[in-house]
Protein chains: 2
Amino acid sequence: MAEPDTHTAPIEQTAVRLDEVDRKILSLLQEDATLSLDQIAEQVGASKTPVWNRIRKLREAGVIRRQVTILDPDALGLEACFFVLIRTSEHDKDWAARFLRALRERPEVIEAHRLAGDIDYILKVQVKNARAYDRFYQSLISEVKIHNVTALLSMEEIKATTALPIPDGTR
Amino acid sequence: MAEPDTHTAPIEQTAVRLDEVDRKILSLLQEDATLSLDQIAEQVGASKTPVWNRIRKLREAGVIRRQVTILDPDALGLEACFFVLIRTSEHDKDWAARFLRALRERPEVIEAHRLAGDIDYILKVQVKNARAYDRFYQSLISEVKIHNVTALLSMEEIKATTALPIPDGTR
DNA sequence: TCTGAAATGTTTATGAC
DNA sequence: GTCATAAACATTTCAGA
């Protein structure tokens, strides 16, 4: 397979200037990528050509990254979501590289960040149930040494969006 | 506007039975929603009609939720991402309702979960910089009383995907 | 069930204003 | 920037194996 990697381009992205119409287009597309050009054009009050040109430019500028389908975790039987706080004693490059690889190759890791402060990493992990989380956890700590782990179990998803707040033009 | 809400249907979703072809289709669509029926059909080794029927059924069954465009936070100038751990002393219904509303109406809150354990809530907040986070924080605590807040600043996004792990058929 | 094709709609690109 | 147009391509429906 042509590796449709989840962690895209390490391009140093720098903020792009957008006008009101660009922002409107982006905010529509963020909510629903199936909207046709006609519908978008109508909603932003322009005709197809300029809207299409703007979308193409936004794609080229890297503002628009990709289009994805969002699935329902419950329908897939993924009823448990954990946030995992990790402290490590190891800070050498080799350890970090192995840890990163371990995270990237595990599909139940939906998100992973390196943090500032006394907690070193946070993960979001989506699994079937607590048992599946434990399997994940055991497998992870057997692969890389970790000093301290706290798992926070989500009881209820209050909000979850892929839509970013699009800053307004005043800057 | 027809309220393209980010928090979709409170349908109690129950796990759906999928075969190998369904899983392949879903995993392709999760990575790239722009794939044409032809391309998907080719990759799963079937022709268009059955693939199209399966996709329709997966949509009806609620496995497929929506199609969205993913934007680049850096390109939008949203360079700061915080995970916010919240403890509250208030546990009455009215407080919870106001808190939820406050979160849902703030676009910088990308994700919010109610947790089990001594931390009550976790938020993911995407903003321009630390100053913008502070504005968000001040505004939130002025709207609802919160006992204790810890903000974890992300230094590096190691992994971020919208793709869920699709469980295999053995169950 | 599937395959293959026809009808319909969308996207993408051009050229004129 | 708009509008109209057209070819290429995608989606959707449907007849027949």
Side-chain angles (χ1 to χ4, degrees), chain A residues 1-2 4 8-9 16-72 75 162-163 166-170, chain B residues 1-2 4 8 15-72 75-76 162-163 166 168-170:
Chain A
M1 211 203 293
T8 333
V16 162
R17 198 160 259 293
L18 306 172
D19 69 8
E20 203 41 61
V21 177
D22 291 324
R23 282 192 289 274
K24 188 77 207 275
I25 292 171
L26 291 173
S27 99
L28 290 168
L29 286 177
Q30 278 200 117
E31 297 294 345
D32 184 357
T34 68
L35 290 172
S36 74
L37 261 187
D38 276 327
Q39 293 173 293
I40 298 166
E42 193 200 329
Q43 295 216 44
V44 304
S47 68
K48 281 160 62 167
T49 316
V51 171
W52 190 77
N53 284 323
R54 281 160 183 273
I55 293 176
R56 199 174 36 72
K57 273 180 203 150
L58 290 166
R59 239 193 296 264
E60 279 161 16
V63 180
I64 291 177
R65 273 224 183 153
R66 52 212 304 251
Q67 253 180 60
V68 299
T69 302
I70 304 294
L71 307 184
D72 185 315
T162 52
I166 300 176
D168 60 349
T170 54
Chain B
M1 215 203 291
T8 334
V16 162
R17 200 160 255 294
L18 306 172
D19 70 7
E20 203 39 61
V21 177
D22 291 324
R23 282 193 289 275
K24 189 76 208 278
I25 292 171
L26 291 173
S27 101
L28 290 168
L29 286 177
Q30 277 199 119
E31 297 295 344
D32 184 357
T34 68
L35 289 173
S36 75
L37 264 187
D38 277 327
Q39 293 172 293
I40 297 166
E42 194 200 329
Q43 295 215 44
V44 304
S47 70
K48 285 159 57 169
T49 315
V51 172
W52 189 78
N53 282 321
R54 279 162 185 273
I55 293 176
R56 196 175 37 73
K57 273 180 204 150
L58 289 166
R59 238 192 296 265
E60 279 162 14
V63 180
I64 291 178
R65 273 222 185 154
R66 52 214 301 253
Q67 252 180 60
V68 299
T69 302
I70 305 293
L71 308 184
D72 185 315
L76 294 173
T162 51
I166 300 176
D168 58 350
T170 56

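Across the protein-nucleic acid pair, Ile55(A) atom CD1 and dT10(C) atom P stand 14 Å apart, rounded to whole Å. If you take NZ of Lys57(B) and C1' of dC2(C), they are 12 Å apart, rounded to a whole angstrom.
Residues passing the side-chain contact (heavy atoms from CB on, under 4.5 Å) test with Gln39(B), sequence neighbours excluded: Leu35(B), Ser36(B). Applying the side-chain contact (heavy atoms from CB on, under 4.5 Å) test to Thr34(B) and every residue at least two apart in sequence or in another chain returns Gln67(A), Asp32(B).
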Atom pairs and distances, donor-acceptor, side-chain atoms in residues 55-64 of chain B, under 3.5 Å, two or more places apart:
residue: Arg56(B); atom: NH1; partner: Glu60(B); partner atom: OE2; Å: 3.4
residue: Arg56(B); atom: NH2; partner: Asn53(B); partner atom: OD1; Å: 3.0

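Annotation: the span from Arg65(B) atom CZ to Ile70(A) atom CD1 amounts to 9.0 Å, rounded to 0.5 Å.
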Reading nucleotides 5-17 of chain D 5' to 3', which nucleotides get B (base under 4.0 Å from a protein heavy atom), which S (sugar-phosphate only), which -? -----SBBBB---

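Side-chain contact between Val44(B) and Arg54(B) is absent, with no heavy atoms from C-beta onward closer than 4.5 Å.
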